[in-house]
Amino acid sequence: MNKPFGNIDAPNHVTGKSIYVDDIPVMAGIVHIKIFDATIAHGIIKSLDFTEAEQVEGIVKIFSYKDITGENQIGGIIPDEPLLAENEVHFWGQPILLIAAENEDAAEEAFHKIKIAFEPLPVITNPREAFAKGKLLSPTRKFVLGNTSEAFMQCKYVFEGTTESNGQEHLYLETQGAYAHPTEHNSVRIFSSTQGPTAVQKTVGRVLGVGMNQVEVDVARLGGGFGGKEDQASTYGAMAALVAFVLKRPAKCILHRMEDMRMTGKRNPYSSDFKIGLDEQYKILAYDATFYQNGGAAADLSPAILERTLFHSTNSYHIPNVTATANSCKTNLPPNTAFRGFGGPQGMFVIESAIDFAAKQLNISPTIIQQKNLLKDGDEFPFGQIVGECEAANCWNELVANNQLEKLQADIESFNANNKLVKKGYSLMPICFGISFTNTMLNQARSLVHIYSDGTVGVSTGGVEMGQGLNAKMMQVAAKSLGISTSKIKLETTNTTRVANTSPSAASATADLNGKAVQDACKQINERLFAFIKEELKLNDEAIAFVDDILHINNITTTHNWKELILKAYLKRTSLSAKGHYATPVINFDKTIEKGHPFAYHVYGTALTTVTVDCLRGIYEIDAVKVIHDAGASMNELVDMGQCEGGLVQGIGWMTMEEVVYNEQGKLLSNALSTYKIPDIYAVPKDIDVQFLNTQKDNLAILKSKAVGEPPLMYGIGAYFAIRNAVLAFNPNSNITYNAPITPEKVLMGLYSKK
Ligand code: MTE
Ligand code: LUZ
Ligand code: MOS
């Protein structure tokens with residue numbers, strides 16, 4: 001019946017039929033919004049004159065913060081970010097005015113007629129400098145297990161170092177944007193490209209000064225989010241809604257690619273210190289890490305991202321003594337934000353660097369330290385959760401066995417011995433990623449399931465389809481729960497009037513949370529439907545169920561089918577709709593002691609990356625990435641494979657070629673696709689081989705199919721170390737530091753440097 005299928009939108013995507021915000025047919029009288037933004041990263045607005053600009057033909061109105069009908073505030077976790085700057089600007093690209101025009105040309109012309117003068121203030125772009133000056137976005141956090149200062153004294157080997165990991169531009173294909181129109185009773189409807197429809201709703205309510213019930217947000221799909229639209233889509237939703245609300249006209253705000261790159265925050269760069277201590281057997285006894293997160297000019301999601309850095313600071317390893325300290329530093333960059341992995345990758349890069357550094361000093365392979373310290377059942381994470389159903393060793397061992405690691409090591413050594421100007425390198429990268437929002441409250445979801453009288457089904461959830469295949473999975477869950485074919489099921493848009501108080505589609509938990517809410521709704525409908533059927537067919541204790549649209553009684557097929565019985569149930573006035581709810585059980589976390597059981601479960605995996613470096617030019621190729629990934633009992637292997645491959649390549653991009661560059665004045669230099677390079681078809685590994693570790697263990701994953709959205713990104717960290725190892729094979733005295741991304745430029749410098 002249900003043939004394997006991947007993303008249900010795929011045929012429409014490739015034939016151009018899928019609708020994104022800018023494709024929605026607009027109402028007559030549409031107003032176009034262009035943002036006038038700061039051309040300085042920090043300063044006082046000395047003067048601002050837009051009278052001439054307002055005279056341009058086609059300009060409807062130019063909005064400043066004074067035109068905001070509610071509160072000029074969009075900060076989600078901490079109220080520290082205005083929608084439109086008032087007297088001071090804190091980052092280059094900060095919105096100051098909204099030009100509302102009949103057409104885009106008029107808006108463009110008016111943009112150039114606005115006169116503004118700034119009094120510059122000191123610009124900070126470096127998180128350590130911000131920390132030294134006491135500029136923090138949120139209080140310092142510290143996770144402690146055991147006692148590191150005592151443990152370091154017991155260590156045979158102790159090593160210290162620093163690392164840097166840079167930001168990452170989300171580069172979703174669909175830029176940020178929203179389309180809003182006024183509705184009756186002083187209300188507004190917004191079509192938004194957001195991962196968080198409720199976040200947009202709440203922000204719009206606040207900015208307009210109206211109740212959430214006056215704000216309807218609708219999301220069909222996103223052309224990618226990757227975390228960049230978890231919080232920051234609210235800005236553009238609020239802008240479109242404000243203009244529509246005040247002018248009583250439909251309004252649209254869609255960012256140009258360069259505006260998007262300039263105005264929006266990115267993955268948080270981190271600067272970190274580590275100290276690692278090992279015993280004679282290379283067991284890690286103690287680990288200290290201090291993280292300086294570059295938060296940008298406002299908190300946005302950075303305090304939550306900071307927390308996840310701590311949760312993943314020991315990656316897939318058991319370390320009995322840990323002190324991990326994290327600071328969210330306020331700088332004059334656009335507020336940095338969620339990006340696939342949400343601080344986890346940044347934390348993992350530091351422990352992997354520490355292990356690599358220790359191995360290099362000890363003149364052994366880092367794989368020895370990695371393997372010896374892998375997590376196992378019963379170990380304690382630094383935040384108190386006890387490891388259970390651990391797959392760390394299973395993934396590692398299967399990968400090593402499948403790929404004959406020892407032979408591969410020998411082959412690489414002999415290749416390097418025989419080639420002077422081309423060197424190969426490899427690395428292993430284990431991962432362990434916690435599934436659940438670290439903020440326990442957010443781990444809830446709802447659904448709304450309608451069965452129409454012809455037997456077709458409409459499913460709404462609070463989850464957003466952003467390319468990750470959520471709708472395919474929701475369709476499968478509903479089909480399985482009801483016992484009908486997927487062809488009877490349609491996934492509706494995500495709409496705040498159908499499903500309220502949604503958590504953002506994030507933390508890789510969307511399918512788990514919303515899928516369980518769909519199961520709950522289907523269960524309620526089944527109860528009523530089966531009661532009706534028993535009465536109708538005069539049954540008593542028989543077990544009844546639908547299988548492939550056919551009614552089964554005591555596991556035996558009947559001549560009754562779904563369509564017929566649904567119509568009969570409706571005619572007998574049975575309710576065929578239900579609202580489902582789910583809240584993850586068990587999880588908890590107490591921030592006052594930084595201990596608890598925050599994650600429903602963990603996802604594990606290991607990647608083996610091999611690379612070849614051209615030692616004349618510094619360029620490199622990723623030869624192969626072999627992965628064993630813990631997908632649980634994957635419910636949709638096509639979708640999950642797509643997530644593994646896409647996440648891996650996105651992680652490789654972050655670690656190797658994607659370089660976000662701001663100058664000292666806080667101006668983004670890598671501001672277009674000509675200066676910011678993401679992996680293209682030529683840069684992806686020549687060979688990607690992902691195998692699922694097939695397990696049927698009982699866990700809180702939907703249908704035991706583990707969350708897959710973010711974890712594979714962290715396999716990409718392996719590429720960094722593989723390339724670095726190839727550089728060291730050419731030049732063992734290289735002074736190459738732990739500073740990602742490892743661009744060809746850095747490789748070239750590393751190849752010809754001296755300690
Ligand atoms: N895959 C695609 N194609 N597009 C995206 O925007 N976002 C990633 C991941 N995979 C994303 C994606 C991120 S950051 C997250 S948190 C998850 O998908 C969110 O979806 P999930 O919770 O259903 O895994
Ligand atoms: N968003 C969030 C996330 O608010 N909390 C999280 O724990 C999280 N984790 C990953 C991605 N987004
Ligand atoms: Mo993903 S960073 O949780 O949107």
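Counting starts at 1 for both ligands and their atoms, in listed order.
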Mind checking whether F342 contacts ligand 2 via backbone (N, CA, C, O), side chain (CB onward), both or neither, at a 4.0 Å heavy-atom cut-off? side chain
What protein heavy atom sits nearest atom 9 (N) of ligand 2, and how far away is it? R308 NE, 2.9 Å
protein heavy-atom neighbour closest to atom 19 (C) of ligand 1 works out as M466 CE, 3.5 Å
Distance filter under 4.0 Å to A506 heavy atoms, resulting ligand 2 atoms: 12 (N)
For atom 17 (C) of ligand 1, grab the closest protein heavy atom and report residue, atom and distance to one decimal in Å. G709 CA, 4.0 Å
Side chain or backbone, does E710 bring an N or O within less than 3.5 Å of an N or O on ligand 2? no
Keeping T175 on the side-chain end and L255 on the backbone end, is there a donor-acceptor pair under 3.5 Å? yes
Side chain, backbone, both or neither: the part of R340 lying under 4.0 Å from ligand 3 by heavy atom: backbone
Before signing off on this row, confirm whether F339 and ligand 3 have an N or O atom pair separated by under 3.5 Å. no
Determine whether a donor-acceptor pair (N or O, by modelled atom type, separation under 3.5 Å) exists between the side chain of T331 and the backbone of G296. yes
Before signing off on this row, confirm whether F226 and ligand 1 have an N or O atom pair separated by under 3.5 Å. yes
Please test D218 against N495 for side-chain hydrogen bond (donor to acceptor under 3.5 Å, both in side chains), starting from the C-alpha separation and ending with a verdict. CA-CA 4 Å; D218 191 275; N495 186 296; 2.7 Å; yes
the protein heavy atom lying closest to atom 4 (O) of ligand 3 turns out to be Q195 NE2, 2.7 Å
M212 backbone acceptor or donor facing Q201 side chain under 3.5 Å: yes
Under 4.0 Å, heavy atoms only, figure out whether ligand 1 is touched by the backbone of A338, its side chain, both or neither. neither
Salt bridge (Lys or Arg N to Asp or Glu O under 4.0 Å) assessment of R267 paired with E658: CA-CA 11 Å; R267 183 188 291 284; E658 296 184 36; over 6 Å; no
Which segment of A509 sits under 4.0 Å of ligand 1 when only heavy atoms are counted: backbone
Atoms of ligand 1 close to G227 [distance to a heavy atom under 4.0 angstrom, numbered from 1]: 14 (S)
Whether over 12 other heavy atoms sit under 6.0 Å from K595 NZ: yes
Any A507 heavy atom less than 4.0 Å from ligand 3: yes
Considering only non-hydrogen protein atoms, determine which one is nearest to atom 12 (C) of ligand 1 and report residue, atom name and distance to 0.1 Å. Q643 OE1, 3.6 Å
Contacting atoms of ligand 2, where contact means under 4.0 angstrom from a heavy atom of T438: 6 (C), 7 (O)
Protein heavy-atom partner closest to atom 6 (O) of ligand 1 - residue, atom, separation in Å: G225 N, 2.7 Å
Under 4.0 Å to a heavy atom of L442 - the qualifying atoms of ligand 2, by number: 4 (O)
I'd like to know if A507 contacts ligand 1, where contact means a heavy-atom distance under 4.0 Å to any ligand atom. yes
Enclosure of K523 NZ (heavy-atom neighbours >12, cutoff 6.0 Å): no
Step by step, work out the salt bridge (Lys or Arg N to Asp or Glu O under 4.0 Å) result for R340 and E710. CA-CA 5 Å; R340 208 170 191 170; E710 295 167 285; over 6 Å; no
So, the side chain of Q293 versus the backbone of C329: is there a donor-acceptor pair under 3.5 Å, distance only? no
Can you confirm if the aromatic rings of F599 and F311 lie within a centre distance of less than 6.0 Å? yes
Distance under 4.0 Å to a non-hydrogen atom of E230: what atoms of ligand 3 satisfy this? 3 (O), 4 (O)
Would you confirm whether Q176, through its side chain, and G228, through its main-chain N or O, come within 3.5 Å as a donor-acceptor pair? yes
Does only the side chain of A507 get under 4.0 Å from ligand 2, or the backbone, or both, or neither? Count heavy atoms. both
Just by distance, with hydrogens left out, do N514 and T510 show a side-chain donor and acceptor under 3.5 Å apart? no
I'd like to know if K473 and D640 make a salt bridge, using a cut-off of under 4.0 Å between side-chain N and carboxylate O. yes
Do D512 and Y601 pair up side chain to side chain, a donor and an acceptor below 3.5 Å, judged on atom types alone? yes
Applying side-chain hydrogen bond (donor to acceptor under 3.5 Å, both in side chains) to E164 and N166, what does each step give before you reach the verdict? CA-CA 7 Å; E164 305 283 334; N166 202 349; over 6 Å; no
Residue and atom name of the nearest protein heavy atom (relative to atom 15 (C) of ligand 1), distance in Å to one decimal: E710 CG, 4.0 Å
Residue, atom and distance of the protein heavy atom nearest atom 22 (O) of ligand 1 read T510 OG1, 2.5 Å
In terms of atom number and element, which parts of ligand 3 are under 4.0 angstrom from non-hydrogen atoms of G227? 2 (S), 4 (O)
With a 6.0 Å cut-off on ring centres, are F226 and Y172 close enough? no
Taking only residues two or more places apart in sequence or in another chain, which ones pass side-chain contact (heavy atoms from CB on, under 4.5 Å) with T235? I74, L83, M239
Are any of the heavy atoms in S508 under 4.0 Å away from ligand 1? yes
To check your reading of the model: name the closest protein heavy atom to atom 8 (C) of ligand 1, its residue, and the distance in Å. R340 NE, 3.8 Å
Considering non-hydrogen atoms of the protein only, which is the closest contact for atom 20 (O) of ligand 1, and what is the distance? Q468 NE2, 3.1 Å
What is the ring orientation for H312 with H602, classed by angle as parallel under 30°, tilted 30 to 60°, or perpendicular over 60°? perpendicular
Atom 5 (N) of ligand 2 [closest protein heavy-atom partner, distance rounded to 0.1 Å]: F437 CD2, 3.3 Å
Shortest protein heavy-atom distance from atom 4 (O) of ligand 2, along with the residue and atom involved: E230 OE2, 3.1 Å
To the nearest 0.1 Å, how far is atom 1 (Mo) of ligand 3 from its closest protein heavy atom, and which atom is that? E710 OE2, 3.7 Å
With only distance considered, is G224 within less than 3.5 Å of ligand 1 through an N or O on each side? no
